[in-house]
Amino acid sequence: MVTAMKIRADRDVCIGAGLCLMTAEEVFDQDDDGVVVLLTPTPAPELEEKARRAVRSCPSGALSMEE
Ligand code: SF4
């Protein structure tokens, strides 16, 4: 069985650094205030590694994931 990853983005914790979308623009965006917008909490398999890197790159701890 394949278990998909599930990403969470806490918009109250995000400091708008933008690293996540620079790393995985298919998964993350920013709103007009610079706060993260999660485009897809369950990225396609080919995007999972990028999404993982983005979660690790977040300086504020706003991003987390379950696998
Ligand atoms: S990397 Fe973290 S702090 Fe920066 S925009 Fe993304 S969620 Fe927010």
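Note that the structure is predicted; figures quoted are calculated from it, not measured. Counting starts at 1 for both ligands and their atoms, following the listed order.
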Check [X] against [Y] and note the closest heavy-atom contact, atom names and distance.
| X | Y | value |
| --- | --- | --- |
| L38 | F28 | CD1-CE2, 3.6 Å |
| S60 | V13 | O-CG1, 3.3 Å |
| V55 | L63 | CG1-O, 3.8 Å |
| A17 | M22 | O-CE, 4.1 Å |

Next item on the list: Name the closest protein heavy atom to atom 8 (Fe) of ligand 1, giving the residue it belongs to and the distance to 0.1 Å.
Entry: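 Looking only at protein heavy atoms, the one closest to atom 8 (Fe) of ligand 1 is C14 SG, 2.3 Å.
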Item checked: Nearest neighbour in protein (non-hydrogen) for atom 5 (S) of ligand 1 ->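 Protein heavy atom at minimum distance: G18 N, 3.1 Å.
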Notebook entry, point to check: Short question: side chain of Q30, backbone of G16 - any donor-acceptor pair under 3.5 Å?
Noted result: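 Yes.
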Margin query: Salt bridge check, K50 against E25: does any charged N sit closer than 4.0 Å to a carboxylate O?
Written below: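 The answer is no: the pair does not qualify as a salt bridge.
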Which of the atoms in ligand 1, numbered in the order shown and given with their element, are less than 4.0 Å from a heavy-atom of [X]?
| X | answer |
| --- | --- |
| A17 | 3 (S), 4 (Fe), 5 (S) |
| L19 | 1 (S), 4 (Fe) |
| C20 | 1 (S), 5 (S), 6 (Fe), 7 (S) |

Check: Using heavy atoms and a threshold below 4.0 Å, how should the contact between V36 and ligand 1 be classified: side chain, backbone, both, or neither?
Finding: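 It is the side chain that touches ligand 1; the backbone stays farther off.
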Note to self: Using a 4.0 Å heavy-atom cut-off, which part of V35 comes near ligand 1: side chain, backbone, both, or neither?
What the structure shows: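 For V35, there is no contact with ligand 1 at all, from either part.
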Next item on the list: Could you tell me whether any N, O or S atom belonging to C58 is less than 2.8 Å from atom 2 (Fe) of ligand 1?
Entry: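 A backbone or side-chain N, O or S atom of C58 is under 2.8 Å from atom 2 (Fe) of ligand 1.
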